[in-house]
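Can you read through this structure? Questions will come right after.
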Amino acid sequence: MQDFAAIDFETANFERCSVCSVGVVVVRGGEIVDSFYSLIQPEPNYYHWRCTQVHGLTCADTDGAPVFSEVWKQIEPMIEGLPLVAHNASFDKACLKASFYTYQMDYPEYEFFDTLKAARQNFPQLPNHQLHTVSSACGYELTDHHHALADAEACAWIAREIL
């Protein structure tokens, strides 16, 4: 793929609409041309200990953050006309749809591609197909796993290699 936007969400709890951070990396002509990161005040606004254990975010980090609808106003023009790419796209697509629904926004049916699915086809020999394993196989070392922007960058790298 030459033109796309890689996206990654982290959630505060097990509700898909509880996005608490987002990372976006825009690729045009095969080159990273833009990126965006924001904390988001989750809805519902509570953190499950397991989610915090994964990404390290808490209410103290997001209590002053904008809500999803405000953050999306910044992202939307960046990704206009681009397909979205995510590692385990079903999760990120579900988060996006649930957030649009929660904030009563019209969901524009974004086209999604999944680097996890592609990695399973392209790298059947890997011990697993987790983001850090696949990105390493593609020559990218993911050093801040579960930070939404770092994960989006790793996903973009993978997508340029195998999609």
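Any value given below was found using the heavy atoms of this structure, including those in side chains, with hydrogens, waters and symmetry copies removed. Treat the numbers as computed from the prediction; the structure is a model and nothing was measured.
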Query raised in the report: Under 4.5 Å between side-chain heavy atoms, hopping through other hydrophobics if needed: is there a path connecting Phe112 to Leu116?
Result: no

Query - Inter-residue atom distance Tyr47.OH - Gln53.CD, 0.5 Å rounding - result: 15.5 Å

**Report entry** Qualifying residues under side chain to side chain donor-acceptor pair (under 3.5 Å), relative to Ser69, sequence neighbours excluded
**Finding:** none

Under 3.5 Å, sequence neighbours excluded: what are the donor-acceptor pairs made by side chains of residues 24-41?
residue	atom	partner	partner atom	Å
Gln41	NE2	Asp63	O	2.8

Name the atoms and distances for all side-chain donor-acceptor pairs under 3.5 Å in residues 14-23, with sequence neighbours left out.
residue	atom	partner	partner atom	Å
Ser18	OG	Ala12	N	3.3
Ser18	OG	Asn13	N	3.1
Ser18	OG	Asn13	O	3.3
Ser18	OG	Asn13	OD1	3.2
Ser18	OG	Glu15	O	2.7

**Report entry** Geometric class of the Tyr107/Tyr110 ring pair [parallel <30°, tilted 30-60°, perpendicular >60°]
**Finding:** perpendicular

Query raised in the report: How long is the span from the CD1 atom in Ile7 to the CG atom in Leu82, to the nearest 0.5 Å?
Result: 11.5 Å

Report task. Name all residues meeting the side chain to side chain donor-acceptor pair (under 3.5 Å) criterion together with Glu80; count only those two or more places apart in sequence or in a different chain, and write none if there are none. Result -> none

**Report entry** Distance in Å, Thr11 OG1 paired with Arg50 CZ, rounded so as to fall on 0.5 Å steps
**Finding:** 11.0 Å

Query raised in the report: How long is the gap from CD on Glu153 to OG on Ser135, to the nearest 0.5 Å?
Result: 11.0 Å

**Report entry** same_hphob_cluster(Phe91, Phe4) at 4.5 Å side-chain heavy-atom cutoff
**Finding:** no

Report summary line: Glu70 meets the salt bridge (charged side-chain N to carboxylate O under 4.0 Å, His left out) criterion, sequence neighbours left out, with Lys73

**Report entry** For Asp106, side chain to side chain donor-acceptor pair (under 3.5 Å) partners two or more places apart
**Finding:** none

Report task. Supply the members, apart from Trp49, of the Ile/Leu/Val/Met/Phe/Trp/Tyr cluster built from side-chain contacts under 4.5 Å; use none for a lone residue. Result -> none

Query raised in the report: What's the spacing between Ile79 CD1 and Leu84 CG if we round to 0.5 Å?
Result: 4.5 Å

Contacts under 3.5 angstrom, residues 94-105 side chains, donor-acceptor by atom type, not counting sequence neighbours:
residue	atom	partner	partner atom	Å
Ser99	OG	Cys95	O	2.9
Thr102	OG1	Ala98	O	2.8

Query raised in the report: Does the side chain to side chain donor-acceptor pair (under 3.5 Å) test come out yes or no for Glu141 and Ser136, once each step is laid out?
Result: CA-CA 5 Å; Glu141 291 307 315; Ser136 182; 3.0 Å; yes

Query - Qualifying side chain to side chain donor-acceptor pair (under 3.5 Å) pairs, either residue in residues 114-127, two or more places apart - result: His87-Thr115

Report task. Could you name each residue pair satisfying ring-ring contact (aromatic ring centres under 6.0 Å, His included) that touches residues 116-144, not counting sequence neighbours? Result -> His132-His145, Tyr140-Trp157

Report task. Would you please test Val85 and Ile158 for side-chain contact (heavy atoms from CB on, under 4.5 Å) and show each step? Result -> CA-CA 10 Å; Val85 175; Ile158 295 166; over 6 Å; no

Query raised in the report: Could you give the distance from SG (Cys59) to CG (Asn45), rounded to the nearest 0.5 Å?
Result: 5.0 Å

Query - Partners meeting side chain to side chain donor-acceptor pair (under 3.5 Å) with Thr58 (sequence neighbours left out) - result: Asp61

Report summary line: Residues at least two apart in sequence or cross-chain that pass side-chain contact (heavy atoms from CB on, under 4.5 Å) with Glu111, listed by chain then number, are Pro83, Phe113

Query raised in the report: What closest approach, in Å, do Ala152 and Ala6 show between heavy atoms, and which atom pair accounts for it?
Result: O-CB, 3.4 Å

Query raised in the report: Same cluster or not: are Ile162 and Leu131 linked, directly or through other Ile, Leu, Val, Met, Phe, Trp or Tyr residues, by side-chain heavy atoms under 4.5 angstrom apart?
Result: yes

Report task. Report yes or no: do Leu163 and Val134 belong to one cluster of Ile/Leu/Val/Met/Phe/Trp/Tyr joined by side chain heavy-atom distances under 4.5 Å? Result -> no

